[in-house]
Amino acid sequence: MTLLLTPFYARGARQVAQDLLGKRLVRLLDGRRLSGRIVEAEAYCDAAEPDLACHGDRANRGRPTPRTAVMFGPPGFAYVYFTYGMHWMFNVITGPDGQANAVLIRALEPEEGIELMQARRSKRPLSQLTNGPARLAQALAIDRALNGAHLCDPHGVIWIEDAPPAPPDAICSGPRIGLGKTPEPWRSMPWRYWIHGNKFVSR
DNA sequence: AGCACGATTAACT
DNA sequence: GTTAATCGTGCTC
């Protein structure tokens, strides 16, 4: 059981997003493991490239704000933010310290603690437990308390474990979801990655 | 101090 | 396919 460490995260967001497919996101809640394999992820702001879809680039002329401060910090930490007045989104920080690079985890294939996750999700069927960024956050009890959490701490409450990667020829890519008003070309850049045919992908 | 809106979801028709 | 829910954030006045 190997925990992914800083060097894994300290790379380009698009590379990390693809390499995260197949890895296991683990949440320790009241001593119990809730987990799932990552099957869908999106890259936001790779290296120093501009990305007007990225919170770090869009707000405050690309400078940190209280909300986005974690994004500008070192890799291997969690960036958790609140949106639509009710939903939490879980990201991992990638790239070098000082750049607002991140990967949004969009969907998991549930593995451990399924009953507990279902209890947290109004007993929804397995297929609708963690197939969306806000859904998986609810299932794994991810909220503002985990913003800034270190994912490389073996005594922490959330981390990502090594697991067999998705075969390269099974990785699909396409435009990111929900960008709405984001200008081109970023709106259409194919920086969303998922495992071909996996039924837990959000769409 | 006020306001428009969002890296979404669930429940509608 | 459409829409309400719901509030923190960042921008403008």
Side-chain angles (χ1 to χ4, degrees), chain A residues 9 12-14 16-18 20-21 25 36 38-47 49-73 75 77-95 99-108 110 117-149 151 160 172-194 199-203:
Chain A
Y9 298 107
R14 299 199 284 275
V16 173
Q18 292 168 76
L20 279 173
L21 299 179
L25 176 61
I38 296 169
V39 299
E40 180 184 359
E42 287 177 354
Y44 284 87
C45 206
D46 190 292
E49 292 178 22
D51 179 2
L52 269 290
C54 177
H55 291 169
D57 248 18
R58 193 164 55 201
N60 197 24
R61 293 172 296 188
R63 308 283 304 164
T65 67
R67 180 206 202 190
T68 63
V70 174
M71 286 191 92
F72 289 83
F77 287 77
Y79 168 50
V80 180
Y81 71 90
F82 184 66
T83 191
Y84 292 107
M86 63 189 87
H87 298 308
W88 296 96
M89 305 282 149
F90 174 76
N91 303 251
V92 303
I93 301 308
T94 68
Q99 289 179 2
N101 302 355
V103 172
L104 170 69
I105 307 303
R106 286 194 56 90
L108 305 176
M117 291 195 280
Q118 281 179 321
R120 298 189 52 80
R121 290 268 304 135
S122 305
K123 301 186 177 175
R124 286 228 150 55
L126 190 63
S127 62
Q128 293 171 35
L129 260 198
T130 55
N131 60 330
R135 292 171 175 177
L136 75 88
Q138 183 179 37
L140 297 194
I142 293 170
D143 63 18
R144 80 164 67 237
L146 294 185
N147 188 40
L151 303 172
I160 301 176
C172 302
S173 65
R176 294 168 292 182
I177 302 293
L179 298 195
K181 256 182 61 178
T182 299
E184 297 290 3
W186 301 284
R187 179 180 160 82
S188 298
M189 295 307 280
W191 295 341
R192 166 180 174 243
Y193 305 95
W194 68 94
K199 67 179 185 180
F200 297 95
V201 169
S202 68
R203 57 180 83 172

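Reminder, nothing fancy here: chain letters follow the sequence lines and each chain counts from 1.
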Residue A:R144, side-chain atoms from C-beta onward, closest of C:dG10, C:dG8, B:dA7: C:dG8

With a 4.0 Å cutoff (strictly under), does any side-chain N or O of A:R121 reach OP1 or OP2 of B:dA10? yes

Tell me whether the OP1 or OP2 atom of B:dA7 has a side-chain N or O from A:H55 closer than 4.0 Å. yes

Between atom CE in A:M86 and atom P in B:dG6, what is the gap in whole Å? 14 Å

Just N and O in the side chain of A:R61: are any of them under 4.0 Å from OP1 or OP2 of C:dG10? no

Closest of B:dG6, C:dG10, B:dT8 to the A:T68 side chain is C:dG10

Distance check needed: B:dA7 P versus A:W186 CH2, whole Å only. 16 Å

Between B:dC5 and C:dT3, how far is it from one C1' atom to the other, in whole Å? 16 Å

Base of C:dG8 and ring of A:F82 stacked, centres under 5.5 Å, planes under 30°: no

Separation between CZ (A:F200) and CD1 (A:I38), nearest 0.5 Å, reads 15.0 Å

Ring-plane angle category for A:Y81 and A:H55, please: parallel below 30°, perpendicular beyond 60°, tilted otherwise. perpendicular

Among side-chain atoms of A:Q138 and A:R121, is any donor-acceptor pair under 3.5 angstrom? yes

Less than 4.0 angstrom between a side-chain N/O of A:R124 and OP1 or OP2 of B:dA11, yes or no? yes

OP1 or OP2 of B:dA7 sitting under 4.0 Å from any side-chain N/O of A:R192? no

Whole-Å distance, A:H87 NE2 to B:dA11 P, equals 11 Å

Any idea which of B:dA7, B:dT8, C:dG10 is nearest the A:L179 side chain? B:dA7

Here the distance between atom P of B:dA7 and atom OH of A:Y79, to the nearest Å, is 9 Å

Under 4.0 Å: is that the gap between some side-chain N or O of A:R187 and OP1 or OP2 of B:dA7? no

